[in-house]
Amino acid sequence: MGSTTAEHDHGPEGVGTTRTEGVGTARTEGVGRRDLIKRSAALGLITVPTMSFLSACASSGGGGEEKAEAGEKTEKNPLAVNDTAQMEFVLFDGGFGKEYAEDAVKIYEKNFPKASVKFSATQKIQSTLQPRFNQGTPPDLIDNSGAEQMDMGVLVGKNQLADLTPLLDAPSYDDPDKKVRDTLRPGIVEMGQFDGDPVWIMYYAYTVYGVWYSQKALDSLDEQYPETWDQMLAVCEKAKKKDMAGWTYAGKYPYYIPFSLYPMIGKVGGREVLDAIDNLEPNAWKHPAVKACFDAYYELYAKGYILKGTPGLDHIQSQTAWAQGKALFIPNGSWVENESANVIPEDFDLAVSAPTGIDSSDKMPFGTIWASGGEPFIVPAKAKNGAGGMEQLRIMLSEVSSKNFTSKVKSLTAYNGGTDGITLTPGLKSGVAALELAGENVVNPRIQDWYVQLQKEQIGVAGLGEMMAGRLTPAEAIKKIQGFADAAAKDSSIKHYKHQ
C-alpha cells in the first residue's frame, strides 16, 4: 500500500491494535459466563495498528547489557524495583499526546527519587526500536502503536516480550487488597494473550468501534439511526437530496472499513463467522453473512452514496470532510473525537452507533458492536529494568492516572472506573450508551492483532479498498481475500493463532 509512513495521529490500533478483547469459544447459543466476561467490553480509544513489515524482524540474538539487580520488595514496592536504576519509557506520540504519560512518569520519579527516568515520544516506533531489539538493548516500557507499530505476533513468536503476569498479580496501586488484574475492564487480560496463560501486552486505552455521525445532521434529515439496510439506503438517499453524501471513509487506509463491517458480519451471521475468519479457516470468507454484508456495502458505492473522491483521502482528510457535513456516516474508533477535535463544530453532537444490520433474520440483535482495548504497552524480555517498566504501568493503572487520561484525551482506560466526577464529552457519552445497549453482544475480531499485514495491506487495501472504489465486485473481492487468507494459513514463516 506504500504508506507505511502515514502517521496515524491516534496511533491507528493499535489495532494492533488493536487495537480487542476476549477470545472465548463463545457460540451463539450456550455462551458460558467466562466467555461473556471475556467478550464484554467498554470504551476508549485505540490505536489502529498500521502496517508493520516486521517479518524480517527480530532475531532474539544480540549482546544486551546487564540487567538491573532487583530491589527490595516492600508493600510500596511490590515488584521489587531497583530504586537507583534508570527506567527508559518510549511512548507513541499520537492522538493521545504525551502529557498523560509524562504525568505518570512524575509519580514514578517521586516514588523512586534516586532513579532516573529517560522518557521519549516518537511516531517512528519500529524504525527507532527494531534495531535496539535486534541488539538486545530495548527500552523498559514501550507504547507499541501507530503507523510504525511493531508486529505483536512476531514479537511474541520470537520470545521478545516479557510476560506481564507479575504486574497483573501485584497489588493494585490504590488498594493493596486487590490485584491489578481485578481492577481491569472485562477482556483486557485475554486480549494480551496469544496462546495460553502468559500476558504479553497491556492494552491501556479502551475503544468503541462503529459508525460515527452528527446527531444534529441526522435530526436535520428527520431520521433515526437506521437499524436495517433498507433503512440505511433510505437515509442515504435523503442525505443525497440535500447534497450530503451518505458515507466517507479513510480511502488510503481502507482497513478502517472493518470497524463497522466486521461487527456487521458478526451481527448477521453470528460470532462464529468472525472466529472462523480469525482462525484462517478454509472458506471462512465465503460464508453467506460475509457476502450479504459485502453486497450491502457495495450498494453504497453503486448508488452513489459515498463522498466523491473518498478513495484518495487519508484518515484525517476523510474525518475533516465528515466533520464539515459533506458526509453523514464514517466508520471509525472512539479516538476520532480527540483526533478531530479541531474540526468538529461545537454543536455537532457527535454520536456512535453499532452497525446497521441486514434485516430481522440477523443472528445477533441490533446493538451488536466491536469494542476492545487499544494502545498496546509492552515490556521487552531483554529490558534492563523490566520491573521498573511494569511498575510504571502499575502507576498508570491507578485511579488518578486513569482519570487524568480520560479527562485529557476523551477516552476510557483499561482501569474499570475512573469516570466519577468527570464530565463526559458527547462522543464518550454516546460510546458508553452504545456499550450499555450492546450488553453481552460485544464482538472482538482478532485478525488485526494476529495478522497485521493480512488485515491492512491485503484485506484492507487490496480487497475492501478496491471493492469500495468500484474496481472489484463483491464476489471478486471475497475470492481475492479468501486467497490472501489461505496463503497466510499456509505460510510457515507466520506464527498462527486460534480462538481457544
Side-chain angles (χ1 to χ4, degrees), residues 209-254 256-265 267-268 291-332 336 340 343-360 362 366 426-427 430 434 464-477:
Y209 298 99
V211 180
W212 293 77
Y213 58 97
S214 156
Q215 186 62 52
K216 181 188 173 189
L218 199 56
D219 290 345
S220 76
L221 297 172
D222 200 22
E223 282 290 348
Q224 305 289 316
Y225 182 84
E227 296 190 13
T228 69
W229 205 252
D230 282 346
Q231 290 168 350
M232 171 59 79
L233 296 174
V235 171
C236 290
E237 183 59 34
K238 236 183 188 182
K240 191 177 179 181
K241 286 189 173 133
K242 293 205 171 180
D243 293 327
M244 181 188 230
W247 284 64
T248 188
Y249 57 89
K252 286 187 178 173
Y253 310 117
Y256 278 54
I257 296 167
F259 297 155
S260 57
L261 179 59
Y262 284 176
M264 181 186 185
I265 290 169
K267 177 188 184 327
V268 174
K291 182 168 186 332
C293 295
F294 274 45
D295 284 345
Y297 270 57
Y298 188 72
E299 218 172 344
L300 297 173
Y301 159 77
K303 290 197 152 90
Y305 295 152
I306 291 176
L307 180 68
K308 282 192 172 48
T310 288
L313 302 180
D314 65 18
H315 60 299
I316 297 294
Q317 291 166 324
S318 59
Q319 288 163 197
T320 301
W322 159 78
Q324 290 167 345
K326 292 175 184 171
L328 187 55
F329 299 121
I330 192 167
N332 223 309
V336 71
S340 296
V343 289
I344 293 177
E346 291 260 326
D347 60 350
F348 194 73
D349 202 2
L350 178 65
V352 61
S353 176
T356 303
I358 300 290
D359 55 33
S360 59
D362 293 354
F366 177 74
S430 178
L464 294 172
E466 291 295 286
M467 181 182 85
M468 295 306 288
R471 294 189 287 263
L472 289 178
T473 65
E476 288 166 343

Subject >> Qualifying residues under side chain to side chain donor-acceptor pair (under 3.5 Å), relative to Ser353, sequence neighbours excluded >> reply: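 Ser353 satisfies side chain to side chain donor-acceptor pair (under 3.5 Å) with no residue once adjacent residues are dropped.
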Subject >> All side chain to side chain donor-acceptor pair (under 3.5 Å) counterparts of Tyr301, not counting sequence neighbours >> reply: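 So Tyr301 forms no side chain to side chain donor-acceptor pair (under 3.5 Å) with any residue.
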**OP:** Apply salt bridge (charged side-chain N to carboxylate O under 4.0 Å, His left out) to Glu299 and list each qualifying residue two or more places apart in sequence or on a separate chain.
**Re:** Lys303
Subject >> Listed partners of Asp295 passing salt bridge (charged side-chain N to carboxylate O under 4.0 Å, His left out), at least two apart >> reply: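 Salt bridge (charged side-chain N to carboxylate O under 4.0 Å, His left out) check on Asp295 returns Lys291.
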N/O donor-acceptor pair under 3.5 Å between [X] side chain and [Y] backbone:
X	Y	value
Tyr225	Ala354	yes
Ser220	Ala217	yes
Thr356	Pro226	yes

Original post:
Any idea which heavy atoms bring Ala245 and Ala239 closest together, and the distance?
Top reply: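 For Ala245 versus Ala239, the nearest heavy atoms are O-CB, 4.4 Å.
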Subject >> Nearest atoms (heavy-atom pairs only) where Leu261 meets Cys293 >> reply: CD1-CB, 3.8 Å
**OP:** Can you run down the salt bridge (Lys or Arg N to Asp or Glu O under 4.0 Å) pairs that involve residues 220-233, sequence neighbours left out, and say none if there aren't any?
**Re:** Glu223-Lys238
Return the set of residues passing side chain to side chain contact (heavy atoms under 4.5 Å, CB included) with [X] (not counting sequence neighbours), or none when no residue passes.
X	result
Ala292	Ile358
Asp314	Lys252, Tyr253, Ile316, Gln317
Gln215	Tyr213, Leu218, Asp219, Asp349, Ala351
Lys308	none

Let me check something: any side-chain donor-acceptor pairs from residues 321-330 under 3.5 Å, sequence neighbours excluded? List them with distances.
| unit_1 | atom_1 | unit_2 | atom_2 | d |
| --- | --- | --- | --- | --- |
| Trp322 | NE1 | Trp212 | O | 3.3 |
| Trp322 | NE1 | Leu328 | O | 3.3 |
| Gln324 | OE1 | Lys326 | NZ | 3.2 |

Subject >> Side chain to side chain, Met468 and Pro311, heavy atoms closer than 4.5 Å >> reply: no
Original post:
Is any side-chain heavy atom of Leu300 closer than 4.5 Å to a side-chain heavy atom of Leu233?
Top reply: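 With C-beta onward as the side chain, the pair touches.
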**OP:** Sort and list the pairs that fulfil side-chain hydrogen bond (donor to acceptor under 3.5 Å, both in side chains) and have at least one residue in residues 240-251, not counting sequence neighbours.
**Re:** Thr248-Thr310
**OP:** For Phe366, check ring-ring contact (aromatic ring centres under 6.0 Å, His included) against everything at least two apart and list the hits.
**Re:**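 For Phe366 there are no ring-ring contact (aromatic ring centres under 6.0 Å, His included) partners, ignoring immediate neighbours.
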